[in-house]
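This report concerns only the one structure given below.
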Number of protein chains: 2
Amino acid sequence: MHYELYYWTGIQGRGEFVRLALEDAGAGYRDVAREQGDAAMQPFLDGAHAGARPFAPPFLKAGRLVIAQVANILHYLGPPLGLVPDSESRRLQALQLQLTIADLVAEVHDSHHPIASGLYYEDQKAEALRRAEDLRKQRLPKFLGYFEQVLDQGGGRHVLREHSYVDLSLFQLMSGLDCAFPQAMKKLSPKLPRLRALQQRVCERPAIAAYLASPRRLPFNENGIFRHYPELDG
Amino acid sequence: MHYELYYWTGIQGRGEFVRLALEDAGAGYRDVAREQGDAAMQPFLDGAHAGARPFAPPFLKAGRLVIAQVANILHYLGPPLGLVPDSESRRLQALQLQLTIADLVAEVHDSHHPIASGLYYEDQKAEALRRAEDLRKQRLPKFLGYFEQVLDQGGGRHVLREHSYVDLSLFQLMSGLDCAFPQAMKKLSPKLPRLRALQQRVCERPAIAAYLASPRRLPFNENGIFRHYPELDG
């Protein structure tokens, strides 16, 4: 199967979780908006294509299927890409963990946009200072502590006891948080040895290392989800 | 299969989306925390049970499986309860729609808790006024307009062309929004005829009507997700 990924150009954003899975598996895919511009996504968002209508990017075209929502896309891609264990119970566990990652990603987004995604950061900076403090002090320790425990219970090397798209997403999550909140993450690190080791192992996987060194991997920037605003890092 | 649902007592909350599916299908289930208290959930959250460890309620026990995250639970329950079409593509579409509902539910929560879920509403009321205004003016029209269009494209009666758990969740979403934002929803209603008709059809389903009239259906209240604070309704 040759896949078509649709996501906003210029940022890693939520599309990156899908991109990492495709790259790790060596899947054939086109990054359509990067080739044709963001306007290529509009007919899908307008419902002009057959298949499930996406509410927002990213979405994946696989043959006639159109699939939106990161966790849903990864749930679909897991089996053909060999990125999820075979059993139904493990697939459900993978989806559950991915949805919990998605919850934290949404909270990270809201740490710089706590009032409205349509407003500039500068127009909600006072609120962002308050929300980011709660993220650093309450939410990051809670979420990352949870993933650390799940890793530990699974034997320490893989969150699902074998390599999966969830490991790739945890790598992306940790890398994004390191970029956005370097001080806070440095403080948390001693409590997250397994997550840190997992992050390192993922970035050493040959296909991931090659991808990260390629021009396809955009740097984190101040238009994406993981933004480094020093004042939000405490 | 006899199911065990675990969710906070005293509120509808996210657990209600699962409860409506179980009730509509006439499934045998226990609402464990309501019988035994919220403490019954702790061993699962502490990782003391086998099976996937939940980050937060709700979670469902089905035999040996433990499944968390509302959309994941409904994805699992859909086939055995007859609440999702058979084909893989329609199951993916259902999951995608449910995840989009979940995104809006999170935004509704944050409209009264834009800074921190651990703080009282009164301690983030100024920020809530700003965020709720954006929700009413930008986000509700966008999300609900999307669901209205998907309904329209699916023939108008069901969001997936046949009855599914997504219809039940859209009923819950609309009912919750009516409670929390009665003025805003009254203004939006003329643009949402299909969603309104769907909401009405769902609440007339015999099993749902019986459930809504039972003591098992708690009223919306100011501890849940859908809270009526008149000042947030504009």
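Just so it is clear, the model here is predicted, and its values are computed rather than measured. Chain letters run A, B, ... following the sequence lines, proteins first, then strands; residues in each count from 1. The figures here come from the full heavy-atom set of this structure, side chains too, leaving out hydrogens, waters and symmetry mates.
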Go through B:Phe55 and B:Gln69 one step at a time and tell me if the side chain to side chain contact (heavy atoms under 4.5 Å, CB included) criterion holds. CA-CA 8 Å; B:Phe55 179 73; B:Gln69 288 275 1; 5.8 Å; no
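Within the 4.5 Å cutoff, no side-chain heavy atoms of A:Lys187 are placed close to those of A:Leu140. Counting heavy atoms from C-beta on, the side chains of A:Leu192 and A:Phe147 never come closer than 4.5 Å.
Residue B:Pro57 comes nearest to B:Met41 through the heavy atom pair CG-SD, 3.7 Å, listed as atom of the first residue, atom of the second, then distance. Nearest approach of A:Val32 to A:Ala40, heavy atoms of both residues: CG1-CB, 4.2 Å. Between A:Gly63 and A:Met1, the shortest heavy-atom contact is N-SD, 3.6 Å.
The stretch residues 162-177 of chain A places none of its residues near chain B, where near means some heavy atom under 4.5 Å from a heavy atom of that chain. Within residues 73-90 of chain A, the residues having any heavy atom closer than 4.5 Å to a heavy atom of chain B are A:His75, A:Tyr76, A:Ser89, listed by residue number. Among the residues in residues 223-234 of chain A, none has a non-hydrogen atom closer than 4.5 angstrom to a non-hydrogen atom of chain B. Proximity to chain B at a heavy-atom threshold of 4.5 Å picks out A:Gln93, A:Leu95, A:Gln96, A:Leu99, A:Thr100, A:Asp103 from residues 93-105 of chain A, in numerical order.
Ranked by non-hydrogen atom pairs under 4.5 Å with chain B, the options A:Ser117, A:Ala71, A:Pro54 are led by A:Pro54. Of the residues considered (A:Asp134, A:Val150, A:Leu119), A:Asp134 shows the highest number of contacts with chain B, using heavy-atom pairs under 4.5 Å. In terms of heavy-atom pairs under 4.5 Å with chain A, the best-connected choice from B:Leu135, B:Ile67, B:Asp110 is B:Asp110. Counting heavy-atom pairs under 4.5 Å between each of B:Ser111, B:Ala128, B:Pro114, B:Ala106 and chain A puts B:Pro114 at the top.
Look at B:Arg19 and B:Glu16 and you find a salt bridge, because one of the NZ, NE, NH1 or NH2 atoms lies within 4.0 Å of a carboxylate O, short of that distance. Under 4.0 Å is where a charged nitrogen must lie from a carboxylate oxygen, and between A:Glu127 and A:Arg131 no such pair does.
Remark: A:Asp31 CG to A:Tyr7 OH distance equals 11.0 Å, nearest 0.5 Å.
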